[in-house]
Amino acid sequence: MGLPLPWPFERDYMQLALVVGLVIGTCAPLVGAFLVQKQMALMGEGIGHLAFAGVAAGLLLSISPLWTALGVAVVGALLVEWLRGRGKASGDLALALFFYGGIAAGAVFASRAAAEGISVNVMPYLFGSILTVSPEDVWVVAAIGTLIVACTLVAGRALLSVVLDDGAARVAGIPVDGLNALLAILTAVTIVAATRIVGVLLIAALMVLPVASSRLIARSFRTTIVGAAGIGALSTVIGLAAARMWGLAPGGAIVLVATGIFAIVAGITGTTRAGFSLPSHH
Amino acid sequence: MTAVLTADAVSFSYGREPAIDSVSLSIEPGEFVALVGPNGSGKTTLLRVLLGLVRPQRGTVTVLGEDPRELRDRGRVGYVPQRHRLDPELPVTVAELVATGRLARRGWWRRFNTEDHEAIDHAIDAVALSGVRKRPVAELSGGQQQRVMIARALASNPDLLVLDEPVAGVDAESQRLVRDSLGHIVRELAAAVLLVSHELGAVADDLDRVIVLKRSVLFDGPPDELAARGVSLGIHASDLPLWLEDLG
Ligand SMILES: Nc1ncnc2c1ncn2[C@@H]1O[C@H](COP(=O)(O)OP(=O)(O)O)[C@@H](O)[C@H]1O
Ligand SMILES: [Mg+2]
């Protein structure tokens with residue numbers, strides 16, 4: 001990219017990671033804000049596990065793992081939403097099914113690939129890597145980021161109304177099922193976009209933690225969302241710098257920063273507000 | 001003028017026992033109708049059927065002349081569901097919450113224009129909450145929150161407003177404010193109102209009609225006729241089953 005940025009972002013590969021990281025850091029909490037409010041904070045977690053199965057399947061089949069991850073994640077997210085919407089399974093149980101199924105399938109595929117002599121390094125997909133971002137990734141992630149921001153701008157208020165009270169939303173003619181499906185797809189897409197930098201196991205944290213912090217300070221839904229996006233972006237920049245400095249997995253570093261920010265905000269606001277509660281996971 | 005709402009021999013059951021059985025009713029434009037009945041008598045179920053949220057097993061419903069499930073102009077119906085708890089940790093302001101009610105009129109994907117913002121402000125005024133429009137809803141009292149829900153339903157300028165026990169479980173002062181708002185809405189907006197409530201004393205003067213429901217309609221007529229049968233409108237939830245027996 002060759003941007004004149006100071007250390008630790010002076011190198012090309014760090015600049016690619018920075019751009020992708022900023023987009024992900026900003027967009028993940030936008031999607032996360034609605035998941036948290038729907039008490040589906042663990043949705044990201046479950047879909048992340050599924051994406052891992054997709055990655056491993058791609059490695060096994062020698063197809064680009066990100067595309068297989070995207071396919072599996074989108075289909076899985078829609079299935080979870082469908083099960084939940086029909087009341088066939090509680091949100092928790094539907095997710096647990098995918099959680100364990102995903103990680104187990106991933107383990108099976110990855111070990112199978114290794115047995116067939118394909119060199120398999122799943123670590124970067126699990127916890128992120130700053131070295132693997134390619135210039136094409138930047139374009140894909142930028143397109144995904146634009147999609148998420150556009151959806152939030154256009155459908156944000158309608159999504160809020162669904163989250164608040166879906167009976168009233170239905171009477172108001174809002175396509176509740178369609179918007180729930182949209183949210184599921186955006187979740188899947190965000191997770192796959194974040195695979196390079198944050199990894200599938202930690203992306204859910206980046207969707208949820210900035211929202212948890214922002215909710216403690218914000219006094220409107222708009223400022224909650226904007227604040228969460230800002231905190232997400234900040235966490236990503238600091239996390240990437242730390243990853244470079246100390247040779248860390250960036251996913252871990254970014255999420256630790258987001259966790260630290262939450263601890264600080266909670267400390268400052270004196271929050272035991274509702275018992276120091278993270279968004280509840282039901 | 002055609003009725004804003006009709007039900008013709010509507011039945012619905014969740015299991016084997018019907019929750020509502022062969023209910024027929026009709027509401028004219030601008031009418032203020034109260035629906036009363038003991039707990040579990042099927043009031044909420046009837047509203048959900050009337051609004052098209054569930055499909056009746058038998059009978060037909062029309063809202064503004066159409067099947068409620070295929071109603072095109074959604075803004076013409078406002079709904080205040082039976083009190084449900086708002087997430088106390090959700091930072092959403094009064095204005096933001098009321099604005100979601102405007103989506104029915106504007107179209108959920110469209111940007112709001114001046115008219116929309118005026119309608120939202122007007123709805124907040126109508127329930128006397130202008131002073132707190134930028135405050136998080138979670139910080140308001142139960143009664144104020146209930147008025148926020150009414151304002152949300154008003155924001156689309158409905159021709160029919162349906163409220164499910166809007167004053168249950170709120171303090172007396174808030175009950176009075178809710179009722180005052182309702183009286184005001186009925187007179188000013190000329191919307192038809194279908195109000196489910198246990199206690200009708202304070203709105204009795206404004207009411208055009210009372211419908212007593214206990215799985216099927218036990219009484220449907222003006223409040224003074226109900227009173228002439230020896231039933232006071234000041235009755236409270238706990239008294240209802242007693243005097244309903246007299247009607248049956
Ligand atoms: N979702 C449901 N599933 C099964 N039974 C229900 C459901 N909702 C209500 N009921 C039953 O239907 C009857 C009518 O309930 P409801 O319409 O809520 O009455 P009301 O609003 O007058 O208190 C009650 O016996 C209630 O237990
Ligand atoms: Mg009820």
Side-chain angles (χ1 to χ4, degrees), chain A residues 33-34 36-41 150-179 182 211-228 266 269 271-280 282, chain B residues 44 47-48 50-54 63 68-82 84-112 116 134-139 148-149 152-153 155-156 158 160 162 164:
Chain A
F34 296 102
V36 165
Q37 220 45 61
K38 272 178 69 178
Q39 313 216 307
M40 294 275 295
C151 286
T152 311
L153 286 175
V154 173
R157 199 177 260 135
L159 280 166
L160 175 62
S161 83
V162 172
V163 155
L164 283 167
D165 172 347
D166 79 7
R170 275 177 213 278
V171 170
I174 289 161
V176 174
D177 299 326
L179 286 170
L182 174 70
V211 180
S213 306
S214 186
R215 290 214 305 184
L216 295 177
I217 341 170
R219 291 175 59 77
S220 72
F221 194 67
R222 183 190 291 263
T223 50
T224 303
I225 288 203
V226 173
T269 56
T271 289
T272 43
R273 190 163 114 186
F276 200 87
S277 55
L278 274 169
S280 45
H282 309 297
Chain B
T44 297
L47 293 193
R48 292 174 59 80
L50 294 177
L51 291 164
L53 286 171
V54 290
V63 173
R69 303 171 72 87
E70 267 131 48
L71 190 61
R72 272 158 303 166
D73 197 353
R74 290 286 173 171
R76 295 178 65 194
V77 181
Y79 175 40
V80 181
Q82 190 155 14
H84 77 287
R85 278 208 53 68
L86 189 80
D87 179 352
E89 288 175 53
L90 170 64
V92 59
T93 65
V94 171
E96 284 176 326
L97 200 152
V98 173
T100 63
R102 186 67 188 173
L103 294 168
R105 178 67 72 176
R106 177 53 53 203
W108 63 267
W109 68 96
R110 293 228 173 82
R111 290 190 72 79
F112 285 173
D116 297 319
K134 289 264 155 60
R135 288 264 300 277
V137 178
E139 287 179 6
V148 174
M149 300 302 171
R152 175 179 65 177
S156 66
L160 171 65
V162 177
D164 197 351

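Throughout, protein chains are lettered first and strands after them, A, B, ... in sequence-line order, and every chain is numbered starting at 1.
- Rounding to the nearest 0.5 Å places OG1 of B:Thr100 at 7.0 Å from CD1 of A:Ile174.
- Note: A:Leu164 CG to B:Arg152 CZ = 6.5 Å, rounded to the nearest 0.5 Å.
- A pairwise comparison of heavy atoms in B:Trp109 and A:Val154 identifies O-CG1, 3.7 Å as the closest pair.
- Between chain A and the options B:Arg102, B:Arg76, B:Glu139, B:Arg111, heavy-atom pairs under 4.5 Å are most frequent for B:Glu139.
- Neither the backbone nor the side chain of A:Leu153 comes within contact range of chain B, judged by heavy atoms closer than 4.5 Å.
- For the pair A:Ala172 and B:Arg74, the tightest heavy-atom approach, listed with the atom from each and the gap, is O-CB, 3.4 Å.
- At distances below 3.5 Å, not a single donor-acceptor pair connects side-chain atoms of B:Glu89 with backbone N or O atoms of A:Arg215.
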I would like to know whether A:Arg157 and B:Glu96 meet side-chain contact (heavy atoms from CB on, under 4.5 Å); could you show each step before the answer?
CA-CA 8 Å; A:Arg157 199 177 260 135; B:Glu96 284 176 326; over 6 Å; no
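- Contacts between B:Leu53 and chain A at a heavy-atom distance below 4.5 Å involve the side chain alone, from C-beta outward.
- For a residue to count as touching a neighbouring chain, one of its non-hydrogen atoms must lie under 4.5 Å from one of that chain's; by this rule A:Ser220 touches chain B with backbone and side chain alike.
- The number of heavy atoms from other shown groups lying within 6.0 Å of CZ (A:Arg222) does not exceed 12.
- Among all heavy-atom pairs drawn from A:Ala155 and B:Trp108, the shortest one is CB-CZ3, 3.9 Å.
- Considering every non-hydrogen atom in both A:Ala158 and B:Leu103, the closest pair reads CA-CD1, 3.6 Å.
- When B:Val94, B:Asp87, B:Asp73, B:Val77 are compared by the number of non-hydrogen pairs under 4.5 Å with chain A, B:Asp87 comes out ahead.
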